[in-house]
Each structure stands twice: as structure tokens, then as C-alpha cells.
There are 2 protein chains.
Amino acid sequence: MKATIYDVAREAGVSIAAVSQVMNGKGKISEERRAEILKVMEKLNYQPSVIASALTGKKTYTLGLLVPDISNPFFAEIARAVEDQGHEMGYSLVICSTDNKDERVERYLSLLQQKSVDGMIIGTGMDNKEMLKPLMDRSIPIVMIAREMQDLALHTVVCDDFVGGCMAAQHFVALGHKRLAILAEHTKVTSSRERVKGFVHTLEEAGMTLSDHHVRNCRYTAEDGKREALELLELPPAERPTALFCCNDMLAIGALQAAKQLKLRVPEDVSVVGFDNTILASVTDPPLTTIAQPIEPMGKKVVDLLLLELKKKSQDKQRVVMRPELIVRQSTGAPGHVE
Amino acid sequence: MKATIYDVAREAGVSIAAVSQVMNGKGKISEERRAEILKVMEKLNYQPSVIASALTGKKTYTLGLLVPDISNPFFAEIARAVEDQGHEMGYSLVICSTDNKDERVERYLSLLQQKSVDGMIIGTGMDNKEMLKPLMDRSIPIVMIAREMQDLALHTVVCDDFVGGCMAAQHFVALGHKRLAILAEHTKVTSSRERVKGFVHTLEEAGMTLSDHHVRNCRYTAEDGKREALELLELPPAERPTALFCCNDMLAIGALQAAKQLKLRVPEDVSVVGFDNTILASVTDPPLTTIAQPIEPMGKKVVDLLLLELKKKSQDKQRVVMRPELIVRQSTGAPGHVE
DNA sequence: TTGAAAGCGCTACCAC
DNA sequence: GTGGTAGCGCTTTCAA
């Protein structure tokens with residue numbers, strides 16, 4: 001059986017209070033008692049119970065991370081960054097894949113609460129933002145990453161999605177594209193909406209427009225992207241876009257697959273830009289031009305904000321916006337030309 | 001503040017014992033009291049504390065998953081399968097990326113123990129297997145996935161790595177390759193060792209051999225794979241392999257990149273087979289022929305075994321071996337020919 | 001300095 | 001049926 005604080009105390013001939021003190025480095029203990037207790041802990045291979053400690057008002061040293069799908073490389077990379085930064089400070093990470101379903105979000109929110117996590121990092125969308133209210137009322141620290149929850153006072157770390165969308169558009173415009181289209185995520189995904197806005201904004205500044213049926217909403221799988229891209233690319237030549245802006249790398253892969261299936265060459269017949277710059281972007285055929293999010297810095301920052309909130313409550317909520325970057329690979333070129 | 005069992009009891013005018021009983025569906029309670037209590041719980045939005053419950057000898061409903069790196073798609077996909085199956089049964093998942101470093105493994109093992117997780121799923125290698133002993137002595141349920149811990153009586157779920165290696169070799173032999181090479185993982189990775197063994201075995205059965213410098217050990221990143229593949233592919237023509245078996249998809253991507261850098265065509269100049277069939281295999285250029293592991297069934301099975309172990313202890317340890325499958329895409333062909 | 005004791009929220013046993 | 005109560009392992013006053 002596991003050794004408890006009582007075992008240590010008995011073995012060392014002191015009170016449990018003494019043991020507790022040396023563990024927490026509080027109170028006054030003579031050096032020799034301290035040493036003795038430490039020795040006994042070692043000998044018994046004593047592992048203090050976080051559970052018991054947490055019950056006494058201390059922390060659980062556990063954080064929750066809600067994302068749509070941990071098997072999606074983007075979120076897996078986020079998770080790794082978050083895990084590392086948390087681990088640095090002694091925290092563990094519980095992952096929660098929501099599939100963007102409110103019921104799952106709710107379930108996980110409740111579960112994490114019952115498990116008394118010290119804080120939650122939310123990187124998933126949800127239709128009903130009210131779900132977060134109860135948590136905030138109970139002042140459970142919550143921070144957002146890669147998603148915004150407007151109207152809610154929450155620390156938030158995002159990349160500048162609007163600017164990212166602009167960058168993609170600028171790239172296409174500079175290349176000379178005239179017929180553009182977008183593969184967006186579900187409209188409830190704020191980051192995707194911003195990217196679309198930025199893209200459209202830049203296009204309009206350049207005197208171009210985007211017809212509605214050239215903006216397709218997908219879920220977040222490559223299959224979805226492929227299906228929508230197929231429809232786009234099968235339009236009559238005069239309407240068929242020569243450039244596709246995809247709101248994430250997964251969708252871009254779907255677009256690439258669609259192009260391949262239709263025997264369209266990339267980038268000669270159609271250019272594709274993705275978003276996120278996950279590992280996927282570097283291995284596609286051709287390698288994907290994409291807008292990079294600074295995933296690691298974002299993950300680190302969001303943990304820092306959360307831990308900050310953990311100690312000093314009720315400060316100003318920050319909104320940290322990090323700059324995306326256009327990574328030009330080989331999926332983009334001038335329309336109708338070999339690059 | 002969060003409502004406690006006392007709040008519910010007071011509000012409902014009953015004892016906490018009564019409340020506890022309705023929560024756990026045990027003991028006898030009159031229907032009306034039951035309904036009343038339920039109503040109060042609802043009203044107070046009562047969330048029972050898993051922490052307190054766990055302290056009383058119950059479970060924490062939390063599982064730990066140790067993998068080398070959650071941002072590696074293979075492990076991310078494993079994690080998703082494990083998460084889902086666990087979630088089904090009310091468990092949460094703590095992810096632990098070890099980077100294959102013993103110190104990190106040890107740290108996480110200790111942390112998970114202090115947090116009283118109900119069980120651990122280990123999908124990472126470690127040099128010193130002794131680290132697991134203390135956990136086993138304390139009879140903390142441990143199961144292995146995609147890794148073996150020989151000499152240790154542990155439930156284990158793996159795919160048949162040896163057979164997987166054989167499949168790769170058979171594929172190459174059937175295609176007519178004569179000069180083969182392997183990109184293996186670190187020798188301490190049992191699964192990789194088995195794959196190499198199977199590969200070599202089949203080769204020898206076909207009357208072929210593999211010289212030592214045609215078997216390279218890498219870590220687990222694409223960069224490593226690329227570096228080693230570069231060396232292999234820069235050998236003089238008479239020694240240069242026409243077929244590369246890579247022990248995972250990441251390494252295969254590195255190989256693909258190496259080939260591209262050297263202006264070698266795949267599969268005309270060099271064929272490449274990967275292992276795992278992660279999402280990466282479907283997006284490479286060209287799409288990767290690979291040996292698929294049944295990731296989802298494996299993840300589900302390992303959770304089942306763990307939960308089984310949770311209830312009835314000390315049963316026979318199972319070793320579940322799942323069958324891999326050759327997925328032929330476009331990175332393999334006959335040597336010197338366009339496929 | 002040191003330790004006795006009062007909880008933290010919940011479970012389970014036992015007496016009523 | 002129902003509720004009192006003794007812990008679970010640890011933290012934290014507060015006396016001594």
C-alpha cells in the first residue's frame with residue numbers, strides 16, 4: 001500500500017504536522033528534524049497525495065484543454081506546447097476532444113469541474129456560450145486559445161486571423177488571380193470567420209469581389225474540404241476559381257486531393273493556400289503554401305495567462321494577438337502558368 | 001462558491017447520507033425523498049467532488065497516457081481512440097509526452113501516482129524498465145500499447161510488427177527489388193526492432209541479405225529520417241538502395257524529402273514504404289505505401305483491458321496482437337521502371 | 001519549535 | 001428507510 005503522511009510521521013517519531021511542514025517548506029522546523037523526516041520520506045518512497053491535498057483547499061495541479069479533436073495535427077501541436085509549458089510549472093493536462101459538439105463540451109466542462117481542475121484552456125467553439133457562465137461565476141479560471149468568445153471577459157490568445165486572411169489574399173492578388181474561392185469552416189468558428197473577412201477585405205480593396213457560392217462552409221476534415229473543392233472545381237471554366245484559400249491545412253489537403261482527382265495541376269490550374277502551417281503543410285503534394293500560426297508561442301502564452309489568473313484574480317483580461325506569417329511553398333503560382 | 005453535499009442536504013432537509021445514497025444509487029430511499037433531493041441538486045447545480053469521493057477510496061476516473069510525443073500524428077491518433085473509449089466509461093485522459101526520455105517518464109509516472117490516476121496506459125519506451133516495478137507493487141493497473149515490456153507481466157496491445165515487416169519485404173521482393181535498406185528507430189524501441197526482424201527474415205527467405213550499413217537507426221523525426229536517407233541515397237549507384245523500408249511514416253516522409261532533394265524520382269528511382277498509416281501517409285508526394293496499424297481498435301482494446309484490470313485484479317495478463325495491413329499507394333514500384 | 005485538532009467533501013457502516 | 005459518524009490524507013490554525 002502507499003505510504004501516507006501518518007506512516008512518515010510515525011516512522012520519524014514526529015507529528016504529521018511536522019511532515020506537512022517540511023513538504024511545504026512552511027513553518028519552523030529544526031534542521032535536524034527536517035533532515036530526519038526527509039530521510040524517512042525517501043526510505044518509504046513517500047508520495048504525497050495530490051487528492052488529499054486538493055481537498056484541503058490546495059490546487060490539483062491539473063489543467064483541462066478543450067479542442068475539437070486531438071488527432072487533428074493543429075490541435076495536437078497546440079496540446080504539446082500547452083503540455084510542455086504546464087509541465088514546467090508542475091501541471092498535468094487533461095485533453096478533451098469535443099468534435100465541436102455542444103453536448104460534448106458541456107459534458108467535459110462538467111467533468112473537469114467535478115475533478116476540480118485548476119483551470120481550463122478552451123480551443124473549441126460552442127454554439128451556446130452560456131455554458132461558460134456558471135464556471136465564470138464560480139471563478140474557475142478560463143482562457144481561450146485560437147478561438148474568441150466575444151462578450152465574455154476572458155484572457156485570449158489568438159493569431160491575427162483577419163491579417164492572416166489578408167496575407168492570403170494579397171498573395172493571390174500579387175500572383176494575378178482573378179477568380180478566387182474560399183473553403184471556410186463552420187460559421188460558428190470565429191477564427192475562420194475572421195480569416196474570411198480579412199481575405200474578402202483585401203480583395204475588395206483590390207477592386208475584386210467574391211460571389212457567395214465561391215465561399216463554402218465545411219466542417220474540419222479533409223473529406224469535407226475535398227467534397228466542397230470538388231464542387232468548386234467542377235464549375236464551368238468561366239466560373240472555376242484559379243485560387244483557393246482554405247481556412248486550415250486539413251481543408252487545403254482536401255482541396256489538393258480534389259484537384260488531383262480532377263486531373264487539375266497545382267499550381268498551374270489552381271493555386272491553394274492553407275492555414276496553420278501544421279506538419280501536414282510540409283508533406284503534401286505539392287508542399288503547401290500556408291499562413292503559419294505561431295503555435296508554440298501561443299501555447300506557452302496561454303498557459304502563462306492561466307497561471308497568472310490562478311494567483312492574482314480579477315485583473316484586466318488580456319487579449320494577446322500574435323502575428324501570422326505567409327509561408328510560400330509550391331502550391332501557389334500565377335494562374336495558367338507554370339511557376 | 002460550489003455547492004457541497006451539505007448544502008444539498010440542508011436545502012432538502014435530509015442528511016448527507018441520504019444525498020450520498022441517491023448519488024450512488026445505493027441503500028434505500030423512498031421515492032419522494034429521492035425526487036426531492038434530485039430536485040435540490042438540480043436547483044443548486046450541485047456537482048459532486050470527484051476529489052472528495054476519491055479520497056474515500058473511490059476512483060478518480062482519470063487515466064494517464066504516456067507517449068513519446070502527442071504532436072506526432074500516430075500518437076495523437078492513439079490518444080483520440082483512447083480518449084473516446086475512456087470517455088465512454090466516464091474517464092478522463094491525462095496526456096504525457098515523454099520524448100522517450102527516462103527522466104520525463106519517471107517524472108510523469110510519479111506525478112500520475114500522486115494524482116491517484118486509476119490506471120496508466122504506456123505507449124512509450126524506456127531504458128530502465130525497473131521504473132514500472134514500484135507501480136506494479138502498489139498494484140496500479142498498467143497496460144501497454146504499441147510497445148512491449150518484455151519480462152513484465154502486463155496486458156499488452158500491439159500490432160504484429162514482425163508480420164508488418166514481412167509484408168513490407170514481400171511487397172518489395174514481389175516488385176523485384178534487389179538492393180534494400182531500412183530506416184529504423186532507436187534500437188530500444190521494441191516495435192521497430194520487430195519490424196526490422198520481420199523484414200530481414202522475409203528477405204533471407206527470399207535468398208537476399210541486408211548489409212549492416214543498410215540499416216540505419218534514427219530517432220523519430222522527419223529530419224532524422226531525411227538525414228539518414230540522404231546518406232543511403234548518396235551511396236555509389238551499385239550500393240544505392242532502390243527500396244527503403246521506414247519504420248514509421250515520419251521517417252518515410254524524411255526519406256521522401258531526401259529523394260526529392262537528390263532529384264531522385266519516387267518510385268522510379270527509389271521506392272519507399274512507411275509504417276503506421278497515419279494521416280501523413282495520405283498526403284505525401286507521392287502518397288505513401290505503408291503498413292497500417294489498426295490504431296482505433298488498438299486504442300479501444302487497451303482501454304477495455306485497463307478497465308477490466310480495474311475491477312477484477314490478478315487475472316491472466318493478455319497480449320493482444322492485431323494484424324497490420326499493407327496499404328499500397330504510389331510510393332512503390334518496380335526498380336528502374338515507371339509504374 | 002512542535003503537535004493536537006478541526007476541518008475539506010464524500011462514502012459506508014451501523015444504530016435507530 | 002434514515003441519519004449519525006468515523007474516517008480518507010493532508011493543511012492549517014492555535015496552544016503549549
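Residue numbers start from 1 in every chain, and the chains themselves are labelled A, B, ... in the order their sequence lines are given, proteins ahead of strands.
In this structure, of D:dG1, D:dG3, C:dT11, it is D:dG1 that holds the atom nearest to the side chain of B:Lys28. Here C:dC10 is the nucleotide among C:dG3, C:dC8, C:dC10 with the atom lying nearest to any side-chain atom of B:Ile16. You'll find that the side chain of A:Asn24 is closest to D:dT11, out of D:dG3, D:dT11, C:dG9. Proximity note for A:Leu55 (side chain, C-beta onward) versus C:dC10, C:dG9, D:dG3: the nearest is C:dG9.
Residues from residues 34-53 of chain B with heavy atoms under 4.0 angstrom of DNA chain C, sorted by number: B:Tyr46, B:Pro48, B:Ser49, B:Ala52, B:Ser53.
Atom CD in A:Gln21 sits roughly 12 Å away from atom C1' in D:dC14 (whole-Å rounding). Regarding B:Glu31, its CD atom lies at a distance of 15 Å from the C1' atom of D:dT2, rounded to whole Å. For the pair B:Arg10 CZ and D:dG3 P, the interatomic distance rounds to 15 Å; values are reported in whole Å. In this structure, CD1 of B:Ile5 is placed 13 Å from P of D:dG3, rounded to the nearest angstrom. For the pair A:Ile29 CD1 and D:dT11 P, the interatomic distance rounds to 12 Å; values are reported in whole Å. Spacing between atom NZ of B:Lys58 and atom P of C:dT11 amounts to 6 Å, rounded to whole angstrom units.
A:Lys133 and A:Asp137 are not joined by a salt bridge, as no carboxylate oxygen comes within less than 4.0 angstrom of a charged side-chain nitrogen.
Across all their heavy atoms, B:Leu310 and B:Asp118 have their closest contact at CD2-O, 3.2 Å. Among all heavy-atom pairs drawn from A:Pro68 and A:Asn100, the shortest one is CG-OD1, 3.7 Å.
Put simply, B:Lys26 has a side-chain N or O that comes within less than 4.0 Å of OP1 or OP2 on C:dA12. In this structure, A:Ser30 reaches the C:dT2 phosphate: one of its side-chain N or O atoms is under 4.0 Å from OP1 or OP2. Here A:Ser15 reaches the OP1 or OP2 of C:dG3: one of its side-chain N or O atoms lies under 4.0 Å away. The side chain of B:Arg33 places no N or O atom within less than 4.0 Å of a non-bridging phosphate oxygen (OP1 or OP2) of D:dG1.
Each of B:Met126, B:Met131, B:Lys101 was evaluated against B:Glu106; a single residue qualifies, B:Met131, per the side chain to side chain contact (heavy atoms under 4.5 Å, CB included) test.
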| task | Apply side chain to side chain donor-acceptor pair (under 3.5 Å) to B:Lys59 and B:Tyr91, showing your working. | result | CA-CA 10 Å; B:Lys59 298 188 293 186; B:Tyr91 290 81; 2.6 Å; yes
| task | Show your working on side chain to side chain donor-acceptor pair (under 3.5 Å) between B:Ser92 and A:Lys115 and close with a plain yes or no. | result | CA-CA 9 Å; B:Ser92 304; A:Lys115 295 191 177 168; 2.5 Å; yes
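Under 3.5 Å, the side chain of A:Tyr6 and the base of D:dC10 form at least one donor-acceptor pair of N or O atoms.
A donor-acceptor pair under 3.5 Å is formed between the side chain of A:Thr4 and the backbone N or O of A:Tyr6.
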